[in-house]
Amino acid sequence: MEFSADLIAQQVGGIIEGDGSVTVSTFSKIEEAGPGSITFLANPKYTHFIYSTGASIILVRKDFIAERPVKATLIKVDDPYATLSDLLTMVAKFMFVMPTGVEQPCHIADGIEVDSDSYVGAFAYIGDGAHLGKAVKIFPQTYIGRNVEIGDGSIIYPGVKIYDGCRIGARCIIHSGVVIGADGFGFAPAADGYHKIPQIGIVEIADDVEIGANTTVDRATMGATRVGRGTKLDNLIQVAHNAEIGESTVIAAQAGIAGSTKLGSRCMIGGQVGFAGHITVGDNVSIGAQSGIPNNVADGSRVMGYPAVPARDFMRQSAYIKRLGELFERVNRLEKGTGIEQPTSH
């Protein structure tokens, strides 16, 4: 499918600078784009590519001013990255048509209704008492346990396991390999080893949540482990029993959230961040990758490091650490009575 710059600008409310009749049929990164492709410029460090890219159309901010001629047609918008997301969403609806119907063999317990817009793939298992909303898509080799609830329009990709009693909201996307509702890590020490503490709670996933491949969300010991509306979890994340994550929080891959920890809303969590148990992280918190969070974090904080400290302090400490070798050499010279040389300028 081909789309002209004029048509795209009309759809996204953009302003054209250049040839509005030029057409594109694919998306590309700005540094790799060729003729017939559309790309975007959102990060200033990629600005130099705008003069060399082969792309036919580039989405840029409305305040962008070229320093020299640009061969491509520019479409000026408020937010190029958000606009690209909207365009990709529109195109995806044409490219990836969701299936409907029930494939065989599969197991659907008696009394469960599957509406005409829904899909159940081959070798899926849906247990007694489960409830499926409208237009739910359950792909092959998925396990849906007893009394599980799945809201309207949610997509459960191949190989997902949802244990008994868990609740999934509307318009959620659960990617392959996700396990929701496995037992929390609860064991009581005893003279003869460790005794398992039964995990009798559930997991509650609110509306519009997306959970990446091979992420696990454990059921609560009692009550519920909760993931708030609009939150996005990357691949390979561990959410432990009775943890709670607020609304519209994003967490990158390989993060681990220990039991009973509460994360606020609109937080941004980098990859490989580890949270101790039974702590509270406020709203609008930003945490850098590979940070360790042993204590509570206040609303609006920006932290990183292990243990995590304010981001500016961490940057300052990192700069000091880089100069430790030089400092040790100067101290050694001083101890040997050779005097201290003036530090070299940087």
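Quick note: numbers below take in every heavy atom, side chains included, and nothing from hydrogens, waters or symmetry partners. Numbers for residues simply follow the sequence, beginning at 1.
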Summary of side-chain hydrogen bond (donor to acceptor under 3.5 Å, both in side chains) pairs that have at least one residue in residues 90-107, sequence neighbours excluded
Glu103-Tyr119
Hey, is [atom1] on [X] packed in by over 12 heavy atoms from elsewhere, all under 6.0 Å?
| X | atom1 | answer |
| --- | --- | --- |
| Asp110 | CG | no |
| Met268 | CE | no |
| Lys62 | NZ | yes |
| Phe49 | CZ | yes |
| Tyr306 | OH | no |
| Glu32 | CD | yes |
| Lys322 | NZ | no |
| Met98 | CE | yes |

Would you find a donor on one side and an acceptor on the other, under 3.5 Å apart, between the side chain of [X] and the backbone of [Y]?
| X | Y | answer |
| --- | --- | --- |
| Thr231 | Thr249 | yes |
| Thr53 | Ile50 | no |
| Ser154 | Gly169 | yes |
| Ser265 | Ser248 | no |
| Lys71 | Gly54 | no |

Between [X] and [Y], is there a shared hydrophobic cluster once you connect ILVMFWY residues whose side-chain heavy atoms come closer than 4.5 Å?
| X | Y | answer |
| --- | --- | --- |
| Tyr125 | Ile144 | no |
| Ile279 | Ile251 | yes |
| Val22 | Phe40 | yes |
| Val12 | Val24 | yes |

Show the nearest heavy-atom pair for residues [X] and [Y], with the distance to one decimal.
| X | Y | value |
| --- | --- | --- |
| Lys134 | Asp152 | N-OD1, 2.7 Å |
| His175 | Tyr157 | ND1-CD1, 3.7 Å |
| Ala276 | Ala258 | C-CB, 3.6 Å |

Gln254 and Asp234 side chains, donor-acceptor separation under 3.5 Å
no
Can you confirm whether the side chains of Ser25 and Glu2 place a donor and an acceptor under 3.5 Å from each other?
no
Arg167 and Glu204 ion-paired at < 4.0 Å:
yes
One thing to verify: whether Asp207 and Arg229 come together as a salt bridge, which I'm taking to mean a side-chain N less than 4.0 angstrom from a carboxylate O.
yes
In a check of side chain to side chain contact (heavy atoms under 4.5 Å, CB included) between Val60 and each of Ile65, Leu74, Val77, which one passes?
Leu74
Check Ile257, Val178, Thr225 against Val217 for a side chain to side chain contact (heavy atoms under 4.5 Å, CB included) and give me the one that passes.
Thr225
Taking only residues two or more places apart in sequence or in another chain, which ones pass side chain to side chain contact (heavy atoms under 4.5 Å, CB included) with Val136?
Ser118, Ile138, Ile150
Answer yes or no for Arg68 and Tyr51: cation-pi contact, defined as NZ/CZ to six-membered ring centre under 6.0 Å and angle to ring axis within 45°.
yes
